[in-house]
Asks: 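Mind having a look at this structure? Questions to follow.
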Amino acid sequence: MKGVDFQRMERKWQLRWGKAKIFGAKEGSKKKPYYVLEMFPYPSAAGLHMGHIRNYAMGDCIARYRRMRGFNVMYPMGYDAFGLPAENAAIKSKTHPKKYTEDAIAGIKRNQQALGLSYDWAREIATCYPEYYKWNQFFFLQFFKRGLAYKKLAPVNWCPRCKTVLANEQVEQGKCWRCESHVEIKNLEQWFLRITKYADRLLSGLSKIDWPENVKRMQKNWIGRSEGTRIDFKIKDSEKTLSVFTTRPDTLFGITFMVYAPEHPDVMDLVRGTRYEDKVKKFIRSVMLEERFERTSEESEKEGLFIGRHAIHPVTGDEIPIYIANFVLMEYGTGAIIAVPAHDQRDFMFAKKYGIPIKVVIQNPYRELDPDEMPRAYCDEGTMVNSGEFDGLSNTEAIEKITEHLESIGRGKATVEYKLRDWLISRQRYWGTPIPIVYCDKCGTVPVPERDLPVILPTNVRFTGRGNPLASMESYIKAKCPKCEGPARRETDTMDTFVDSSWYFLRYCSPKQKSSAFDRKAVKYWMPVDQYIGGVEHAVMHLMYARFFTMALHDMGMLGFDEPFQRLFNQGIVYKDGHKMSKSFGNVVTQLEISKKYGIDTARLFLLFVASPESQLEWSDKGVQGAFRFLNRAFKLVHENRGMMAKGKCRAAGVRDRILLSRLYAAVGTVSEQIEGFQFNLAISNIMELAGYLSAYAKSGKVNRPLFGEAVRVMIQLMSPFAPHVAEEMWEKAGGSGLVSASRWPAAGKPDKRAVAIEGLLSQLGSDIEHVLRIVRKKPKSMDLIVAPAWKYELFRALRRKARDSRDAGMVLKALMSENRFRPHGKEMSRLVPALLKNPDRIPALILTQHQEFSVIDEIRPGLESEHGCKVTVQVAEKSSSNKASHAAPGKPGIEVR
RNA sequence: GCGGGGGUACCCGAGCGGUCAAAGGGGCACGGCUAAGGACCGUGUGGCUUAGUGCCUUCCUGGGUUCGAAUCCCAGCCCCCGCACCA
């Protein structure tokens with residue numbers, strides 16, 4: 001595609017920005033600090049795709065805008081450099097993860113620099129270096145000291161042939177990604193962080209941060225707080241207690257069976273040596289192979305098995321059969337449930353399948369329930385029946401009463417449960433932060449002392465695809481116990497990479513700091529992050545973990561705040577051909593393709609323009625052309641009219657100038673608001689319109705040079721956060737001083753209503769003068785002059801009649817509003833409805849005169865106001881299509897109004 | 001299953017109670033410019049109409065609330081995304 005050679009400009013201005021050093025951020029300036037942060041990328045060999053660029057275009061736009069608004073902006077970039085793909089690459093192509101990662105970082109960084117993003121590169125970090133991960137280890141030790149890090153058994157995916165643990169991602173339809181053997185579930189001792197301790201604070205903290213509602217909701221659901229009752233059941237002929245959690249203690253008397261999660265540790269103890277043992281074992285194995293989502297799905301088959309044991313009902317003393325079943329999860333609650341088929345659908349289906357009795361304990365007030373005839377469980381409210389002393393209560397009352405009763409007999413307690421589970425951070429992988437723990441036969445689990453940090457991740461390892469390379473590396477494993485100095489073995493698990501990303505935003509504040517994870521003064525100055533931007537796919541995990549870390553560090557006295565991200569924005573995903581743009585679908589459009597063809601500003605502008613930033617975006621090569629054309633048009637506007645732009649004082653002379661100014665100010669105001677509100681697409685649309693108007697102005701007659709020059713320069717400033725390179729080039733041509741990027745954002749003036757009104761009028765008059773009539777209010781003091789097309793006369797008459805019928809005030813309002821193009825009166829007007837209905841005669845206080853009386857249009861002229869002795873506002877109703885027309889023809893000759 | 005988000009003209013997408021036949025862009029058509037094409041500029045782009053204009057039918061489907069619904073409510077259909085070892 002032909003057009004201006006933007007690529008040349010890109011290099012030129014990137015060099016100049018570098019020289020001018022305008023993007024570096026230093027603490028302690030008098031300006032207000034502003035911290036803009038994008039979620040740092042995982043450096044994959046695939047490089048950047050349009051999803052990344054969309055993210056960065058938004059961040060850069062905000063950073064540039066804030067800088068121009070006079071903030072001291074910190075806008076850093078770094079790399080989330082540990083992770084599985086690097087290790088997979090090592091297994092597949094014998095590249096060391098370090099090299100893979102460093103190459104990937106180099107590639108991505110080149111891309112980012114080519115994008116002209118205004119990062120402060122002096123703050124760059126990468127998490128895979130000891131200078132960084134040392135602090136992961138340090139934090140881990142702090143957590144450990146306070147009991148926030150602990151070890152327990154947890155299931156992992158295990159490939160029996162590769163003898164290795166598999167990530168969920170490496171499990172494809174229940175099979176190993178490399179050798180296709182069936183994946184098993186195995187329990188391993190693993191490290192956890194006690195995020196559940198913060199469940200309540202993670203929940204309540206949401207109310208004080210400016211985040212999208214949907215993300216807050218997702219976090220709330222993820223935490224999943226629910227109030228209920230823990231009930232303890234004795235088991236017949238056993239010392240064990242069966243504890244359950246339920247939100248429905250009111251159904252206590254309707255229990256007809258109990259269910260354990262198959263992996264519950266008590267299950268095997270209860271069947272050991274009985275005739276059920278073999279069957280139970282077999283069942284457990286088959287369930288373990290199912291995916292978790294399948295297991296809990298309501299449609300999927302409920303499978304269960306009686307284990308030959310009975311629990312004792314705490315109130316009635318009845319014996320209740322105990323089952324195990326696939327729909328009960330170990331992770332939630334206590335790993336066991338009470339089952340009340342009459343009032344829970346899953347229990348109902350299970351009971352029907354296995355012929356278990358159904359007992360109604362909550363009666364439907366509208367239609368009596370018959371346990372034999374019920375088509376499904378009754379889950380609504382009702383009156384207690386078959387429940388001993390609780391009969392007759394409403395079931396909602398019974399929840400409290402029964403819990404109290406259970407507490408009084410020592411068989412239960414009101415508790416709060418969370419869906420949130422502790423954060424499993426152990427990974428049986430090489431490419432991550434070593435967990436700083438050693439195991440000593442004498443002293444047990446011993447943390448590595450802080451002075452010995454970092455525990456360095458060795459580089460001379462072999463990647464076979466079998467097991468964690470660290471686990472078979474004797475030189476790494478062999479350690480000295482820090483306590484007794486005896487022989488000890490090092491922990492070979494590494495940390496989840498989400499640990500790295502849980503505090504990187506703190507590291508940016510003082511990236512070179514050696515003596516601590518971060519410099520407190522710098523953190524105090526910059527944090528919390530003012531604007532965080534990233535993909536919605538991180539709505540729960542990363543954002544939850546980072547909040548948890550911040551709260552924990554706050555409680556350790558290291559931070560003075562406990563929410564890391566004040567304002568959050570989630571951009572939508574970029575699609576192409578119906579799929580998320582990603583290498584695995586082969587639908588990636590790279591930066592290079594676009595920048596070669598159109599230049600980088602085009603790509604940035606397009607990504608921000610084509611859809612609202614939060615919605616998903618379908619990539620279209622065609623749409624890019626629109627952005628490209630616009631940049632060309634704008635550039636040409638400046639280039640071709642460069643002789644028309646003077647500097648110096650600009651004063652509006654005549655109505656065309658006033659209209660120009662008015663439009664300009666209005667555009668500055670709306671564009672600023674729209675940038676702040678993440679409505680980049682609308683902002684660009686407005687700039688396009690402004691550019692169209694300026695170009696029409698330049699063509700349509702006498703040009704007021706200082707004014708035009710000013711207007712063009714303001715337009716360039718508005719463009720510069722979106723298309724920074726082109727903007728610089730235009731700025732230079734238009735006589736701007738210095739760099740636009742370093743210029744001061746223009747002030748939004750008040751819109752000149754009168755000018756706008758006249759503009760509308762002129763375009764109206766241009767088409768036909770004689771069919772205009774005026775409407776004058778009766779009271780001379782507040783007379784408005786309203787110009788409206790003649791047809792409205794009839795309409796108003798009709799309305800007046802209607803209003804008298806006191807029915808259709810709405811129509812009157814609508815019509816009145818259509819007269820008032822510039823201030824939507826919708827709400828104010830609707831307040832008038834009752835008044836209008838009460839006194840319809842007040843509406844026609846507008847006197848309508850026909851066009852004959854409004855003989856000549858040039859009545860609108862200087863001095864009109866004094867002649868009438870009133871303030872004259874000119875307001876025009878026009879078809880919206882004449883909006884378009886109006887910027888095409890600003891000012892027909894012959895009518896000049898001041 | 002649990003949770004989040006959508007369905008707007010030929011296409012992509014704004015709009016989210018009244019100034020809405022619905023921004024902006026793409027595509028298409030016509031006109032201008034050109035030797036010609038591209039690029040560029042202008043106009044138009046639901047239907048029927050007018051000198052100006054007006055009327056009718058539209059925002060997934062079906063109901064409802066309202067003086068008034070693309071916008072709010074209910075039901076249905078369809079699509080997309082996340083779900084704890086990918087980051």
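Each chain gets a letter, A, B and so on, in the order its sequence line appears, and its residues count up from 1. Being a predicted model, the structure only gives us computed values, none of them experimental.
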Asks: Taking for each residue the nucleotide of RNA chain B bearing the nearest heavy atom, is the 5' side occupied by A:T497 or by A:R633?
Replies: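 Here A:R633 is the residue nearer the 5' end.
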Asks: In whole angstrom, give me the gap between the C1' atoms of B:G15 and B:U19.
Replies: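 About 14 Å, rounded to a whole number of Å.
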Asks: If pairing requires Watson-Crick or G-U wobble contacts with both distances under 3.5 Å, which nucleotide is the partner of B:G18?
Replies: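 Across all strands, the one nucleotide that pairs with B:G18 is B:C67.
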Asks: In whole angstrom, give me the gap between the P atoms of B:C77 and B:G25.
Replies: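 Nearest-Å result for B:C77 against B:G25 at atom P: 39 Å.
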Asks: Nearest to the side chain of A:D80, heavy atoms from C-beta on, is which of B:C85, B:A87, B:C41?
Replies: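 Looking only at heavy atoms from C-beta outward on A:D80, the closest nucleotide is B:A87.
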Asks: Under 3.5 Å for both donor-acceptor distances, Watson-Crick or wobble: does B:A36 have a partner, and if so which one?
Replies: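 The answer is none; no pair meets the criterion.
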Asks: Please measure how far the C1' atom in B:C85 lies from the corresponding atom in B:U71, and state the result in whole Å.
Replies: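 It comes out at 44 Å once rounded to the nearest Å.
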Asks: Quick one: pull up CG in A:L718 and CD1 in A:I684 and give me the separation to the nearest 0.5 Å.
Replies: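 One gets 11.5 Å once the value is rounded to the nearest 0.5 Å.
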Asks: Would you please indicate if the ring centroids of A:F548 and A:Y198 are separated by under 6.0 Å?
Replies: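 Here the rings of A:Y198 and A:F548 have centres that are less than 6.0 Å from each other.
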Asks: Tell which nucleotide pairs with B:U57, taking only Watson-Crick or G-U wobble pairs whose two distances are both under 3.5 angstrom.
Replies: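 Check on B:U57: unpaired, no WC or wobble geometry under 3.5 Å.
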Asks: Say you pick atom C1' in B:G7 and the same atom in B:U58; how far apart are they, in whole Å?
Replies: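 It works out to 16 Å between them.
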Asks: Which whole-number value in Å describes the distance from A:L608 CG to B:A14 P?
Replies: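 In whole Å, B:A14 P and A:L608 CG are 13 Å from each other.
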Asks: So does A:R429 get a side-chain nitrogen or oxygen closer than 4.0 Å to the phosphate oxygens (OP1/OP2) of B:C85?
Replies: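 The answer is no; no side-chain N or O of A:R429 sits under 4.0 Å from OP1 or OP2.
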Asks: Between B:A84, B:A23, B:G26, which nucleotide gets closest to the side-chain atoms of A:L682?
Replies: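 Nucleotide nearest to A:L682's side chain: B:A23.
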Asks: Round to the nearest Å and state the distance from A:L84 atom CG to B:C85 atom P.
Replies: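 After rounding, the reported distance stands at 12 Å.
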Asks: Checking all strands, does A:W423 fall into the base, sugar-phosphate, or nothing category for heavy-atom contacts under 4.0 angstrom?
Replies: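 It contacts nothing in the nucleic acid.
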Asks: Between atom CE in A:M688 and atom P in B:G24, what is the gap in whole Å?
Replies: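 Rounded to whole Å, this separation is 10 Å.
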Asks: Less than 6.0 angstrom separating the ring centers of A:Y504 and A:F40, yes or no?
Replies: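 Yes, they do, as the ring centres are separated by less than 6.0 Å.
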Asks: Can you measure A:M349 atom CE to B:G1 atom P for me and round it to whole angstrom units?
Replies: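 After rounding, the gap between these two atoms is 11 Å.
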Asks: Heavy atoms under 4.0 Å, any strand shown: does A:K636 hit a base, just sugar-phosphate, or nothing?
Replies: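 Touches sugar-phosphate only.
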Asks: Kindly say if A:Q190 contacts the phosphate of B:C85, meaning a side-chain N or O under 4.0 Å from OP1 or OP2.
Replies: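 Answer is no, no contact under 4.0 Å.
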Asks: Please report the distance separating the C1' of B:U34 from the corresponding atom of B:U45, rounded so that it comes out in whole Å.
Replies: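 Per the computed distance, 26 Å lies between those C1' atoms.
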Asks: Looking at B:A84, which nucleotide sits across from it as a Watson-Crick or G-U wobble partner, both distances under 3.5 angstrom, or is there none?
Replies: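 WC or wobble partner does not exist here.
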Asks: For a side chain to side chain contact (heavy atoms under 4.5 Å, CB included) check, start with the C-alpha distance between A:I223 and A:K220, then their side-chain angles and the critical distance, and finish with the verdict.
Replies: CA-CA 5 Å; A:I223 295 166; A:K220 260 181 210 158; 5.9 Å; no
Asks: Return the nearest nucleotide to the side chain of A:E689; candidates are B:A23, B:G13, B:C85.
Replies: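 In terms of side-chain proximity for A:E689, the closest of B:A23, B:G13, B:C85 is B:A23.
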Asks: From the set B:G15, B:G27, B:A87, return the single nucleotide nearest to any side-chain atom of A:Q679.
Replies: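 Nearest to the side-chain atoms of A:Q679, counting from C-beta on, is B:G15.
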Asks: To the closest 0.5 Å, what do you measure between NZ (A:K636) and CG (A:L631)?
Replies: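 CG of A:L631 is found 13.0 Å from NZ of A:K636.
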Asks: Who does B:G44 pair with, Watson-Crick or G-U, both distances under 3.5 Å?
Replies: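 Its partner is B:C28 (Watson-Crick or G-U wobble, both distances under 3.5 Å).
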Asks: Mind checking A:H542 for me? I need base, sugar-phosphate or nothing, with any heavy atom below 4.0 Å counting as a touch.
Replies: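 The residue A:H542 makes no contact with any strand.
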Asks: Where the side chain of A:S685 is concerned, which of B:G27, B:A23, B:G15 is the nearest nucleotide?
Replies: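 Nearest to the side chain of A:S685 among the choices is B:A23.
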Asks: Please give, in whole Å, the distance from B:C83 P to A:R421 CZ?
Replies: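 In whole Å, B:C83 P and A:R421 CZ are 13 Å from each other.
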Asks: In whole Å, what separates the C1' atom of B:A69 from that of B:U8?
Replies: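 Between the two C1' atoms, the distance is 14 Å.
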Asks: Can the ring centres of A:F192 and A:W423 be said to be less than 6.0 Å apart?
Replies: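 No, ring centres 6.0 Å or more apart.
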Asks: A:E640 has an atom CD; how far is it from atom P of B:C40, in whole Å?
Replies: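 Spelled out: CD on A:E640 to P on B:C40 is 12 Å.
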Asks: Could you state the OH-C1' distance from A:Y418 to B:G3, rounded to the nearest angstrom?
Replies: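 So the OH-C1' distance, A:Y418 to B:G3, works out to 19 Å.
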Asks: For A:S612, what residues pass the side chain to side chain contact (heavy atoms under 4.5 Å, CB included) criterion, not counting sequence neighbours?
Replies: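 If we apply the side chain to side chain contact (heavy atoms under 4.5 Å, CB included) test to A:S612, skipping adjacent residues, the hits are A:E614, A:S615, A:N681.
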Asks: So if I take every side-chain heavy atom of A:H538 and compare against B:C41, B:G27, B:A87, which nucleotide ends up nearest?
Replies: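 That would be B:A87.
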Asks: Are A:F680 and A:F678 close enough that their ring centers fall under 6.0 Å?
Replies: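 Ring-ring flag for A:F680/A:F678: true, centres closer than 6.0 Å.
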Asks: So, is A:R427 close to the B:C85 phosphate, meaning a side-chain N or O under 4.0 Å from OP1 or OP2?
Replies: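 For A:R427, the contact criterion (side-chain N or O under 4.0 Å from OP1 or OP2 of B:C85) is met.
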Asks: How far does the P atom of B:C12 sit from the matching atom of B:A23, given to the nearest Å?
Replies: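 Taking atom P in both B:C12 and B:A23, they lie 16 Å apart.
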Asks: Does any donor-acceptor pair link the side chain of A:E537 with the base of B:C81 at a separation under 3.5 Å?
Replies: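 There is none.
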Asks: Rounded to whole Å, how long is the line connecting atom NZ of A:K152 with atom P of B:A84?
Replies: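 Whole-Å distance recorded here is 16 Å.
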Asks: Drop me the distance from A:R427's CZ to A:F82's CZ, to the nearest 0.5 angstrom.
Replies: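 It is 13.5 Å, given to the nearest 0.5 Å.
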Asks: Give one of base, sugar-phosphate or nothing for A:F606, where a contact means two heavy atoms less than 4.0 Å apart.
Replies: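 The residue A:F606 makes no contact with any strand.
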Asks: Can the positive tip of A:R547 be found less than 6.0 Å from the middle of the six-membered ring of A:W211, inside 45° of the ring normal?
Replies: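 Positive - A:R547 is close enough to the ring of A:W211 and near enough to its axis.
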Asks: Describe the nucleic acid contact of A:Q428 in one word from base, sugar-phosphate, nothing, applying a heavy-atom distance below 4.0 Å.
Replies: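 Here A:Q428 touches the bases of the nucleic acid.
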Asks: Below the 4.0 Å mark, does B:A14 have OP1 or OP2 next to a side-chain nitrogen or oxygen of A:S612?
Replies: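 Affirmative; the distance criterion is met.
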Asks: Residues in side chain to side chain contact (heavy atoms under 4.5 Å, CB included) with A:K92, at least two apart?
Replies: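 Checked A:K92 against side chain to side chain contact (heavy atoms under 4.5 Å, CB included); matches are A:W177.
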Asks: Determine the Euclidean distance between corresponding C1' atoms of B:A75 and B:A9; express it in Å to zero decimal places.
Replies: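 Going atom to atom, C1' in each nucleotide, I get 27 Å.
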Asks: Report which part of the nucleic acid A:L420 touches: base, sugar-phosphate, or nothing (heavy-atom distance under 4.0 Å, all strands).
Replies: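 The answer is base, as A:L420 lies within the cut-off (heavy atoms under 4.0 Å) of a base atom.
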Asks: Would you tabulate the nitrogen or oxygen pairs shorter than 3.5 Å linking the protein to nucleotides 4-12 of chain B?
Replies:
{"from": "B:G5", "atom 1": "OP1", "to": "A:R217", "atom 2": "NH2", "distance (Å)": "2.8"}

Asks: Using a 4.0 Å heavy-atom cut-off across all strands, classify A:S426 as base, sugar-phosphate, or nothing.
Replies: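 The residue A:S426 makes base contact.
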